[in-house]
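Numbers here simply count residues along the sequence, with the first being 1. Values below: all heavy atoms of this structure, side chains included; hydrogens, waters and symmetry mates excluded. Just so you know, these numbers come straight off a predicted model, no measurement behind them. Every number for a ligand or one of its atoms is a count from 1 in the order of the listing.
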Amino acid sequence: MKLLIHICCAPCFIYPYQVLQEKNYDLFGFFFNPNIHPYQEYIRRLKTLQNWSKDQNIKIIYKDEYLLEEFLRGVVYRENERCLFCYYLRLKATAQIALKGKFDAFTTTLLYSKFQKHEAIAKIGAEIEKECGVVFYYQDFRKGWKEGIMRSKKSGLYRQQYCGCIYSEKERYMPKVNNEQKH
Ligand code: SF4
């Protein structure tokens, strides 16, 4: 099977890559993440993947587009629902490349993360399968969570501390202010 895997970042790619490779799939990676902000963070994650995949000799397609304004326009006033838009944007682009490149199926490393909305990703993937006519390959990669972390640390990969968008950066770093302190 010729499979295209959307890659959110190198550390999240390690485990899914290993299990899919063991199945002998003809595997190509696809990097498209306009949700990663600010620009220096985007470049850091991109370079980490480029260096690691070069070392491992992995084929990757890069859609290197820093679409900050487009992303923000898509989520503004519905920030609480932003992850659904974010998943859709990236998975749709993956399906379109899969279609163009005559892949049998597409999938995503987002299915590896314990911090993502796993069921929503599976649902959106299935919807895009119907829209685009290319199979969404579902696998719960979360069982390799610890192993992936261990291996990424061992390889000395840059491991980001927040999901990607500026909202997630705020949630990660801004001190929580309780109600008493607010008044
Ligand atoms: S928190 Fe993560 S998945 Fe959700 S919108 Fe931000 S970057 Fe995308």
Side-chain angles (χ1 to χ4, degrees), residues 4-17 20 29-50 52-53 60-98 106-129 131-132 136-146 148-149 152-153 157-177:
L4 185 65
I5 178 166
H6 164 261
I7 303 168
C8 62
C9 63
C12 285
F13 183 38
I14 289 184
Y15 180 78
Y17 176 68
L20 295 170
F30 176 57
F31 181 91
F32 174 59
N33 296 294
N35 57 309
I36 304 170
H37 317 137
Y39 184 67
Q40 288 184 67
E41 177 70 22
Y42 171 80
I43 290 297
R44 196 165 182 194
R45 296 190 199 184
L46 172 66
K47 295 271 179 234
T48 302
L49 177 66
Q50 284 173 331
W52 184 76
S53 57
I60 307 225
I61 300 162
Y62 291 92
K63 189 169 159 69
D64 177 13
E65 295 173 7
Y66 184 66
L67 306 174
L68 172 69
E69 295 81 0
E70 205 173 309
F71 182 86
L72 294 180
R73 271 183 224 124
V75 300
V76 76
Y77 295 123
R78 41 181 182 263
E79 290 85 356
N80 290 339
E81 301 294 314
R82 68 184 187 272
C83 299
L84 306 182
F85 170 79
C86 183
Y87 299 148
Y88 183 84
L89 188 68
R90 294 186 279 170
L91 291 184
K92 182 75 184 273
T94 310
Q96 285 168 337
I97 296 292
F106 72 101
T107 190
T108 175
T109 56
L110 292 166
L111 294 169
Y112 161 79
S113 175
K114 281 195 166 177
F115 294 113
Q116 299 296 342
K117 297 170 173 54
H118 192 87
E119 285 70 29
I121 296 163
K123 190 167 174 265
I124 290 170
E127 281 164 11
I128 294 173
E129 171 178 321
E131 266 176 49
C132 296
F136 176 65
Y137 177 95
Y138 172 80
Q139 186 168 338
D140 189 349
F141 298 116
R142 291 176 296 182
K143 61 179 72 159
W145 179 245
K146 282 193 180 149
I149 292 175
S152 66
K153 284 183 177 168
L157 294 187
Y158 165 60
R159 296 179 46 78
Q160 65 272 5
Q161 297 300 307
Y162 64 97
C163 187
C165 63
I166 51 171
Y167 308 101
S168 62
E169 196 263 0
K170 176 183 166 184
E171 284 164 5
R172 170 68 179 80
Y173 291 113
M174 201 174 103
K176 301 270 182 293
V177 179

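With hydrogens and angles disregarded, no donor-acceptor distance shorter than 3.5 Å links the side chain of Arg44 to the backbone of Glu41.
When only modelled atom types and interatomic distance are considered, Asp64 and Tyr42 share a side-chain donor-acceptor pair under 3.5 Å.
Atoms of the protein (N, O or S only) found under 2.8 Å from atom 4 (Fe) of ligand 1 are Cys83 SG.
When Lys92, Gln116, Lys117 are each tested for a side-chain hydrogen bond (donor to acceptor under 3.5 Å, both in side chains) with Tyr87, only one passes: Gln116.
Among all heavy-atom pairs drawn from Tyr112 and Pro11, the shortest one is CE2-O, 4.3 Å.
Not less than 6.0 angstrom separates the ring centroid of Trp145 from the ring centroid of Tyr15.
Partners of Leu111 by side-chain contact (heavy atoms from CB on, under 4.5 Å), not counting sequence neighbours, listed by chain and number: Thr107, Thr108, His118, Ile121, Phe136, Tyr138, Phe141.
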